[in-house]
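Written out below as structure tokens is the structure these notes cover.
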2 protein chains.
Amino acid sequence: MEARLRDILKEHDLKVTPVRLQVLEVLATSEVALSHHDISNRLSDDSVDKVTLYRTLHAFAERQLIHKVPSDGPNGLYAFRLSHDAHAHFICDGCERVYCTPLPEAARPVAPTLTAGFQVTTQDVRLHGYCPDCHA
Amino acid sequence: MEARLRDILKEHDLKVTPVRLQVLEVLATSEVALSHHDISNRLSDDSVDKVTLYRTLHAFAERQLIHKVPSDGPNGLYAFRLSHDAHAHFICDGCERVYCTPLPEAARPVAPTLTAGFQVTTQDVRLHGYCPDCHA
DNA sequence: CTATTGATGCAACTCAGTTGCATGGCCATT
DNA sequence: AATGGCCATGCAACTGAGTTGCATCAATAG
Ligand SMILES: [Mn+2]
Ligand SMILES: [Mn+2]
Ligand SMILES: [Zn+2]
Ligand SMILES: [Zn+2]
């Protein structure tokens, strides 16, 4: 496990450190997008400074190891990047959790020609609803 | 103009006040989504308290007069609600402005059957690119 | 093993947004 | 037109996310 994480960091030109290994493990094994607070809580070593965690997240995002997820709430969410393809974010209106899911080719909106002059480069879809746990 | 704004407020069961009229005018005449700071700057009466403005925005959003736009940046954006239909948000990667635009029926992603158990109720699309002003 | 570079920790700060409370203005009733 | 209830407003103080500067320490190259 840890050997695999070491490799991921090296492949992205990131120095291997205990903090980074832990943070990466938390993100790589989570099914949902996590906030700074969430991650901090899940770290086995609870003495990691908050600033260090922010900087770690920035470094990971810069190297495309993770990505920041647009959220409705006030604080940022981060998720491990599975693929670079267009994907969707499923936001559960029950538990507020955000699932980062692949989006079938067929369900992708074709970049529409909006009002003339708007040039679309990338797009992403946000789905609201209820996750398995919250399904009424 | 102002008579029209008064009507809109009344139709949404909101008491008519000078602050609300001004804030509504700013939002109703803007082509792009605005932050608390943006709105504050555009108010003719610059003595409006920031808390009052926040509460005004909450009241408007609660009554569906406006809606909060999911943004990448740290602060919230608000836009006048044109229709209740699914629509897209165009985010200019040049000037950072967010345009709230209708989305052609054909370009709407069909709620995909994700992993079993996820129930989709609503969806919205985010488009990144360059607006007319920033078009290279 | 040593040197360099960058990762970490700590303190102080900025900024968005919130809460409690007192005052004042909108509007319904008379 | 005057009265009064209710809620919109303003002010002050607070919370919480995220940032910046700087000193120290640890990961890796030589
Ligand atoms: Mn994602
Ligand atoms: Mn919108
Ligand atoms: Zn849920
Ligand atoms: Zn632009």
Side-chain angles (χ1 to χ4, degrees), chain A residues 2-3 5-26 33-41 43-63 65-78 96 98, chain B residues 2-3 5-27 33-41 43-63 65-66 68-78 96 98:
Chain A
E2 192 188 295
L5 298 175
R6 296 188 103 88
D7 290 344
I8 295 178
L9 288 174
K10 285 177 188 165
E11 282 164 19
H12 289 81
D13 294 305
L14 289 163
K15 212 178 268 190
V16 177
T17 71
V19 172
R20 288 180 174 177
L21 284 170
Q22 284 181 57
V23 174
L24 181 54
E25 177 166 12
V26 168
L34 301 173
S35 68
H36 177 280
H37 189 73
D38 294 333
I39 298 167
S40 193
N41 283 338
L43 290 177
S44 45
D45 177 0
D46 58 344
S47 72
V48 177
D49 188 76
K50 67 170 178 159
V51 179
T52 300
L53 180 48
Y54 277 118
R55 291 200 266 235
T56 301
L57 293 172
H58 291 163
F60 284 6
E62 201 174 347
R63 302 304 172 86
L65 230 172
I66 64 176
H67 68 287
K68 196 172 182 189
V69 178
S71 93
D72 293 322
N75 34 11
L77 296 179
Y78 296 87
E96 304 275 285
V98 177
Chain B
E2 189 186 299
L5 298 175
R6 296 187 102 87
D7 291 343
I8 295 178
L9 288 174
K10 285 177 188 164
E11 283 164 19
H12 290 80
D13 294 307
L14 288 163
K15 211 179 270 188
V16 177
T17 70
V19 172
R20 288 180 175 176
L21 284 171
Q22 285 181 56
V23 174
L24 181 54
E25 176 165 12
V26 167
L27 283 163
L34 300 173
S35 69
H36 177 281
H37 189 73
D38 294 334
I39 298 166
S40 194
N41 284 337
L43 290 177
S44 46
D45 177 359
D46 58 344
S47 72
V48 176
D49 188 76
K50 66 172 179 158
V51 179
T52 300
L53 181 48
Y54 277 118
R55 290 199 267 234
T56 301
L57 293 172
H58 291 162
F60 284 4
E62 202 174 348
R63 302 302 170 86
L65 230 172
I66 63 177
K68 197 173 181 187
V69 178
S71 91
D72 293 323
N75 34 11
L77 296 179
Y78 295 88
E96 304 274 286
V98 177

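Residue numbers start from 1 in every chain, and the chains themselves are labelled A, B, ... in the order their sequence lines are given, proteins ahead of strands. Heavy atoms only: backbone and side chains are in, while hydrogens, waters and symmetry mates are out.
Rounded to whole Å, atom C1' of D:dA8 lies 14 Å from atom CG of B:Leu57. As a whole-Å value, the separation of B:Leu21 CG from D:dT9 P is 10 Å. Separating the CG atom of B:Asp49 from the C1' atom of D:dA8 is a distance of 11 Å, rounded to the nearest angstrom. Regarding B:Leu53, its CG atom lies at a distance of 15 Å from the C1' atom of D:dC11, rounded to whole Å. In this structure, CZ of B:Arg20 is placed 13 Å from C1' of C:dC27, rounded to the nearest angstrom. Rounded to whole Å, the distance from CZ on A:Phe60 to C1' on C:dA7 is 12 Å. Taking atom CG on A:Asp45 and atom C1' on C:dA7, their separation rounds to 14 Å, with Å as the unit. Counting to the nearest Å, the C1' atom of C:dA7 and the CG atom of A:Asp13 are 16 Å from each other.
A search for side chain to side chain donor-acceptor pair (under 3.5 Å) contacts involving A:Asn41 returns A:His37, not counting sequence neighbours. With sequence neighbours excluded, no residue forms a side chain to side chain donor-acceptor pair (under 3.5 Å) with B:Arg55. Partners of A:Asp46 under the side chain to side chain donor-acceptor pair (under 3.5 Å) rule, at least two apart in sequence or in another chain, do not exist in this structure. B:Asp49 meets the salt bridge (Lys or Arg N to Asp or Glu O under 4.0 Å) test with no other residue; sequence neighbours excluded. In this view, A:Glu25 satisfies the side chain to side chain donor-acceptor pair (under 3.5 Å) rule with no residue, not counting sequence neighbours. Partners of B:Ser71 by side-chain contact (heavy atoms from CB on, under 4.5 Å), not counting sequence neighbours, listed by chain and number: B:Leu77.
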Begin with the C-alpha distance, continue with both residues' side-chain angles, and end with the deciding distance and a verdict on side chain to side chain contact (heavy atoms under 4.5 Å, CB included) for B:Leu65 and B:Leu9. CA-CA 8 Å; B:Leu65 230 172; B:Leu9 288 174; 4.1 Å; yes

Would A:Thr56 and A:Ile39 count as a side chain to side chain contact (heavy atoms under 4.5 Å, CB included) here? Give the steps. CA-CA 11 Å; A:Thr56 301; A:Ile39 298 167; over 6 Å; no

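Of the possible donor and acceptor atoms, none in the side chain of A:Ser40 sits under 3.5 Å from a partner among the backbone N and O of A:His36.
Taken to the nearest 0.5 Å, the CG atom of A:Leu14 stands 5.0 Å off from the CZ atom of A:Arg20.
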Letter by letter from the 5' end, nucleotides 23-30 of chain D scores (B base, S sugar-phosphate only, - none; protein heavy atoms under 4.0 Å) ----SS--

Under 4.0 Å protein heavy-atom contacts per nucleotide of nucleotides 17-23 of chain C, with B for base, S for backbone only and - for none: BBBB---

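Nucleic acid contact for B:Ser35: none, since no nucleic acid atom lies under 4.0 Å from a heavy atom of the residue.
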Could you provide the dot-bracket string of DNA chain C, using ( ) for intrastrand pairs, [ ] for crossing pairs and | for bases paired to another strand, with Watson-Crick or G-U pairs below 3.5 Å? ||||||||||||||||||||||||||||||

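OP1 or OP2 of C:dG9 has at least one side-chain nitrogen or oxygen of A:Thr52 nearer than 4.0 Å.
Within the structure, the salt bridge (Lys or Arg N to Asp or Glu O under 4.0 Å) test picks out the following pairs touching residues 6-16 of chain B (sequence neighbours left out): B:Glu2-B:Arg6.
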